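All chains are named by letter (A, B, ...) in the order of the sequence lines, taking the proteins before the strands, and each is independently numbered beginning at 1. Computed from a predicted model, the values in this text were never measured in an experiment.
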Amino acid sequence: MALLHTVNKSPFESNTFDTCLGLAKDGSTILLIEDGVYAATTGHSVAEKIKNASGISFAVLGPDLQARGLEGKLADGIKVVDYEGFVTLVTEHDAVQSWL
Amino acid sequence: MALLHTVNKSPFESNTFDTCLGLAKDGSTILLIEDGVYAATTGHSVAEKIKNASGISFAVLGPDLQARGLEGKLADGIKVVDYEGFVTLVTEHDAVQSWL
Amino acid sequence: MSVKKFMYVNRKAPYGTIYALESLEVVLIGAAFDQDVSLAFIGDGVYQLTKGQNTEAIGQKNFSPTYSALGDYDVNKIYVEKESLEERGLTLDDLQHLVWEDEDDDWAEKDSIRLVSRAELADVLDEQDIILSF
Amino acid sequence: MSVKKFMYVNRKAPYGTIYALESLEVVLIGAAFDQDVSLAFIGDGVYQLTKGQNTEAIGQKNFSPTYSALGDYDVNKIYVEKESLEERGLTLDDLQHLVWEDEDDDWAEKDSIRLVSRAELADVLDEQDIILSF
Amino acid sequence: MKISIQVNEGPYQHEASDTAYQFTKAALAAGHEIFRVFFYHDGVNNATRLAVPPQDDRNISAQWSELAKENNLDMVVCIAAAQRRGIMDPDEAKRQGLDADNIAEGFRISGLGQLIEAGIESDRLVVFGD
Amino acid sequence: MKISIQVNEGPYQHEASDTAYQFTKAALAAGHEIFRVFFYHDGVNNATRLAVPPQDDRNISAQWSELAKENNLDMVVCIAAAQRRGIMDPDEAKRQGLDADNIAEGFRISGLGQLIEAGIESDRLVVFGD
């Protein structure tokens, strides 16, 4: 089994990202959407946490990243997907856990 | 001038309480309401922050504390007020900043 | 039709928002569908289960007694994350004592709450078919 | 009637919630009332001011160009908390360059954004008469 | 003292409207004047008359309507926020060519200037939200 | 694949309904079956037909209604949540003795069992909220 986790909260305002990271198992994917995309940028403490979570795949919803003007600050190793890619991630994993 | 600050978010889920604490000046009051009342209990890291914020007065909305079953865990030095006391705090301070 | 594993993930404190109450409404309705049901209380979600809630002064309905009825609906896998309790200065004694009667064991009364570590809870989540989040 | 000090406190990121957009609507309407207006961007609020926002793919309206019109409405005291930028790996260069023309100084173009420390911002908040929070 | 209230969230989902209501009631009981209650953002959803909550729960919209009636409260719903979210009075519904309206008694729809005016005219503004 | 969607927040205040809409559209375009879209909590507020957002903004309710029409989507609004918040169809309005209803085309009001059934019948359930 492998879960797809979605996180839609800024990691600077809410503990949702940290909670997700604490409960995501190796082999699962964390998709950052809505205000969750701020975790996908560089130059702050959250970027370090992502770099250290080696067993987990990270993806970010491109439309939300573009909306916020932060495409140029995307951290390495995070895959950018559009809504179609979001759907594909849902089908490729066994279940979806939305961390709201 | 002295501000009344209200905080209505749990300090464990949101950075609102920390932001408020960082911007509240000595002589101001922080009133914990709604899910903010969890900061007023004992036995965790947030209680330490309140103990160390010596220049600031802390109050908690009693009805919200009772609703959550945590009256017995109230930390020392935090004044319990009802809605009438909330109104009094508003009138006794020069302005109100709601940290939402 | 095969039985699915349904997980209700509760991460929000009661009364400040409605999610706790409306999540409970789904759980009660869902109990009639004979699926394999679990509840997880994570983060501020653990506050939903505190003893002694009294909502009279805020004018909201106190729905906390409903948790103790869950056993009667065969909802008896209630996972509480240990780390979440500790971070908040709480212990199991601060929560309601939730029980169910085991039909297969001469109706013996058993605890519904399973105190689990974060790592154990991650394993439980990983086994689910459908996760409802509130 | 005496002029009051109005402060709009912006702490939420744009697009994920509507507060940034609707806060801007109040600021624009409020500009007509000849009060002493300030805006503060704290925490995720600083993300409201990033350059290069493009909302086409999410189907929402891009309201970020409106910030550069604030100077024309005599809204030119825009406080950005330094610590909030730093925590997020941002610098002033990542934000829009907001300016206003100073009538009393031969219409010289001046910066609207005032980068302030947390302690300085606390002093500014402390002087306000009315604080609108979003 | 003259106090105004801003409500940023709708009923039930968040406690904001409940707290604002209890605060307003207490302020009136203490002899203060409530200059205005302004409903903004999802707060406009408090102004519906179509809500029928369970019998053992409070009816938040009806509570506000009653409080307004008893105390002659000025309860203003932001027109822009209301149009986005589908809160309509008969006049607005007609102007927009809609076949129904849903505003409750005691609420009136008006512009954001009413919020600024409340800030200018009141000694205190207290904001309730999420 | 058979997918169901749960929407927990109303339009505009949170991005949840927008993201759910874009996801649903993309899933349909990719050839998947959307078994049901279930609106719960403030999500029921997406079902109003009285919203008139500014002309340069999207009309979220109308977008859902169109998508439902084009794709024969089953869009269910939780009855308990809808009653609390004032979303009414003609039948419910009549039963409750109300003088108006406000539900938009393509939405139907039903019970929470429909959400559980969606979970049972679908290969995936994806929740959007705050």
Open item on the list: Do the side chains of D/Lys4 and E/Glu117 get close enough for a salt bridge, i.e. N-O under 4.0 angstrom?
Closed with: no
Open item on the list: Which atoms of D/Ile131 are under 4.5 Å from chain E, going by heavy atoms: the side chain, the backbone, both sets, or neither?
Closed with: backbone
Task: Full working for side-chain contact (heavy atoms from CB on, under 4.5 Å) between D/Thr17 and E/His41 - done: CA-CA 10 Å; D/Thr17 53; E/His41 305 291; over 6 Å; no
Task: Euclidean distance, E/Cys78 SG relative to D/Ile29 CD1, rounded to 0.5 Å - done: 8.5 Å
Open item on the list: How long is the straight-line distance from CD1 of E/Ile120 back to CG of D/Asp34, given to the nearest 0.5 Å?
Closed with: 9.0 Å
- [ ] Would you indicate whether E/Lys94, at its atom NZ, is surrounded by more than 12 heavy atoms from other residues, nucleotides or ligands within a distance under 6.0 Å?
- [x] no
- [ ] Quickly, which of E/Val127, E/Ile116, E/Leu125, E/Asp123 forms a side chain to side chain contact (heavy atoms under 4.5 Å, CB included) with D/Ile130? Name it, please.
- [x] E/Leu125
TODO: Measure the spacing between CZ of E/Phe128 and OG of D/Ser133 and express it to the nearest 0.5 Å.
DONE: 11.0 Å
- [ ] Select one option (side chain, backbone, both, neither) describing which atoms of E/Ser122 are under 4.5 Å from chain D's heavy atoms.
- [x] backbone
Open item on the list: Using heavy-atom distances under 4.5 Å, tell me whether D/Phe6 contacts chain E through its side chain, its backbone, both, or neither.
Closed with: side chain
- [ ] With rounding to the nearest 0.5 Å, note down the distance linking OH in D/Tyr19 to CG in E/Asp42.
- [x] 7.0 Å
Open item on the list: Heavy-atom cut-off 4.5 Å, strictly under: side chain, backbone, both or neither for E/Ala81 against chain D?
Closed with: both
- [ ] Check D/Glu25 against E/Ala80 and note the closest heavy-atom contact, atom names and distance.
- [x] OE1-CB, 4.2 Å
Task: Rounded distance (nearest 0.5 Å) linking atom CG of D/Leu132 with atom CG of E/Leu115 - done: 5.0 Å
Task: Within 6.0 Å of CD in D/Glu120, more than 12 heavy atoms from elsewhere - done: yes
- [ ] Answer yes or no: does atom NZ of D/Lys110 have more than 12 heavy-atom neighbours from other residues, nucleotides or ligands under 6.0 Å?
- [x] yes
- [ ] Take atom CZ of D/Phe33 as the centre, draw a 6.0 Å sphere, and report whether it contains more than 12 heavy atoms from other residues, nucleotides or ligands.
- [x] yes
- [ ] Measure distances from E/Gln114 to the heavy atoms of chain D and classify the residue's part below 4.5 Å as side chain, backbone, both or neither.
- [x] neither
